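For clarity, every value in this text was computed on a predicted model and none was experimentally measured. Lettering of chains follows the sequences in order, A, B, ..., and the numbering in each one begins at 1.
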Protein chains: 2
Amino acid sequence: MTTTAKICPSGDERVKLFGLLLETNARLSRNLGVTLEASCALPLAWFEVLLLLRQSPEGHLKMNQIADAIVHTTGGTTRLIDRLEEAGFVSRRQCPSDRRAIHVGISTLGDEKLDQALNVHLDYLEENLAARLSEGERLTLTDLLTKLMATKTS
Amino acid sequence: MTTTAKICPSGDERVKLFGLLLETNARLSRNLGVTLEASCALPLAWFEVLLLLRQSPEGHLKMNQIADAIVHTTGGTTRLIDRLEEAGFVSRRQCPSDRRAIHVGISTLGDEKLDQALNVHLDYLEENLAARLSEGERLTLTDLLTKLMATKTS
DNA sequence: AGACTATAGTTGCCTACTCAACTACTTGTC
DNA sequence: GACAAGTAGTTGAGTAGGCAACTATAGTCT
């Protein structure tokens with residue numbers, strides 16, 4: 001009762017898991033993106049950058065750190081930061097110790113925007129994450145994803 | 001020793017989990033995309049569609065089903081299928097019961113390409129998924145993600 | 001010091017997407 | 001059976017991001 005050999009791999013448990021991972025993420029980001037856009041006029045990518053900057057211990061990051069964290073190329077990141085800077089949410093400053101590098105810091109305006117967006121985001125998470133996964137499950141998920149990311153080669 | 005109030009939400013466990021989810025996925029897709037592109041000259045989006053078509057019970061799907069599954073707009077999907085069709089991997093046919101609808105089916109060429117890509121994908125999964133997560137962990141992860149996607153509102 | 005390699009960031013060109021407006025068909029209502 | 005409302009897919013215009021080539025600075029080796 002085997003369907004032809006080539007059918008098998010597409011039904012593989014790991015293939016399915018991977019597909020699920022892709023889909024989950026696509027839906028979550030799309031949804032959050034739409035929500036943020038609608039309520040704060042803030043593109044998801046902007047939100048990611050602002051959040052990242054706030055979380056950074058020194059309050060600023062270099063272009064390549066941002067690029068890596070949001071998984072964009074440095075070229076794409078340059079343009080993204082251009083737009084954020086033009087909107088007044090971040091600012092570029094020369095890095096004192098390396099003249100090639102640039103420090104991107106969040107501005108007061110960006111800070112306010114982020115607060116606003118975080119409120120929306122928290123509501124969103126409450127509705128879409130906390131409502132579906134218990135705290136234990138969330139911890140497990142965090143753990144599993146962390147393992148998946150190990151070595152960042154993934 | 002609280003830093004100002006506004007710092008808190010950005011450190012929220014759920015915010016972090018969400019960020020991790022975004023990042024994990026971005027890295028995984030980017031990596032697989034590069035791998036597939038390099039070894040099969042097959043863009044990730046094309047792979048997704050081909051896989052989807054093979055997994056579909058009737059061997060074909062309507063445009064809007066594809067759009068939904070890969071989380072694109074119907075506009076974007078039209079163009080994506082245009083390219084796949086031009087490459088000879090899929091074909092459009094009139095749906096007999098609804099003259100607005102179109103059935104997209106995989107071609108022989110597409111089938112072969114998919115086999116080739118699946119080999120690469122399986123190696124990739126072996127290296128990046130199976131090596132990091134035990135079977136039990138993979139099952140748990142599948143379970144959690146499924147819960148997250150429940151109702152598809154997520 | 002001088003030369004070679006590596007790294008940080010920007011830019012031009014291109015592709016793939018979104019959004020909104022459109023056409024064509026279907027379904028429901030009277 | 002005709003008209004309104006909804007649904008499937010396509011198209012034009014706009015945008016964000018990738019790639020590869022470039023500039024400028026840093027580090028390394030002799």
Separation of D/dT10 P from B/His72 NE2 (nearest whole Å): 15 Å
Is the phosphate of D/dG17 approached by A/Arg83 (side-chain N or O, under 4.0 Å from OP1 or OP2)? yes
State, to 0.1 Å, how close A/Thr24 and B/Met149 come at their nearest heavy-atom pair, and which atoms those are. CA-SD, 3.3 Å
Rounded to whole Å, CG of B/Leu80 lies from C1' of D/dG9 at a distance of 14 Å
From CD of B/Glu37 over to C1' of C/dA16, roughly how many Å is that when rounded to an integer? 13 Å
Between A/Leu114 and A/Leu109, is there a shared hydrophobic cluster once you connect ILVMFWY residues whose side-chain heavy atoms come closer than 4.5 Å? yes
Between C/dC17 (P) and B/Trp46 (CH2): distance, integer Å: 10 Å
Indicate yes or no: does B/Arg27 engage A/Asp68 in a salt bridge with an N to O separation below 4.0 Å. yes
Spacing of B/Leu42 atom CG relative to C/dA16 atom P, expressed in whole Å: 12 Å
Indicate whether any N or O donor in one side chain lies under 3.5 Å from an N or O acceptor in the other, for A/Ser29 and A/Asn25. yes
Within this structure, what is the CZ-to-P distance between A/Arg99 and D/dG27, rounded to whole angstrom? 12 Å
Pairwise N/O distances under 3.5 Å, protein to nucleotides 8-10 of chain C:
residue, atom, partner, partner atom, Å
C/dA8, OP1, A/Asn64, ND2, 2.8
C/dG9, OP1, A/Met63, N, 3.2
C/dG9, OP1, A/Ile102, N, 2.9
C/dG9, OP1, A/Ile102, O, 3.3
C/dG9, OP2, A/Asn64, N, 2.7
C/dT10, OP1, A/Arg92, NE, 3.0
C/dT10, OP1, A/Arg92, NH2, 3.3
C/dT10, OP2, A/Thr78, OG1, 2.9
C/dT10, OP2, A/Arg92, NH2, 3.3

Nearest whole Å is fine: how far is D/dG9 C1' from B/Asp68 CG? 15 Å
End-to-end bend of the helix from C/dA1-D/dT30 to C/dC30-D/dG1 (five-pair axes, 10° rounding)? 30°
Quick check on side-chain contact (heavy atoms from CB on, under 4.5 Å): which of B/Leu84, B/Val49, B/Leu52, B/Leu53 does B/Ile106 satisfy it with? B/Leu53
Sorted by position of nearest nucleotide on DNA chain C, 5' first, the leading residue of B/Pro43 and A/Val34 is B/Pro43
Linking I/L/V/M/F/W/Y whenever any side-chain heavy atoms sit under 4.5 Å apart, do B/Leu125 and B/Val34 land together? no
Salt-bridge criterion met for A/Arg138 and A/Asp143 (N-O under 4.0 Å): no
Whole-Å gap separating C1' (D/dT10) and CD (B/Glu86): 16 Å
For A/Arg132, is there an ion pair with A/Glu137 - N to carboxylate O distance below 4.0 angstrom? no
Below 30° counts as parallel, above 60° as perpendicular, anything between as tilted: where do the rings of A/Phe18 and B/Tyr124 land? perpendicular
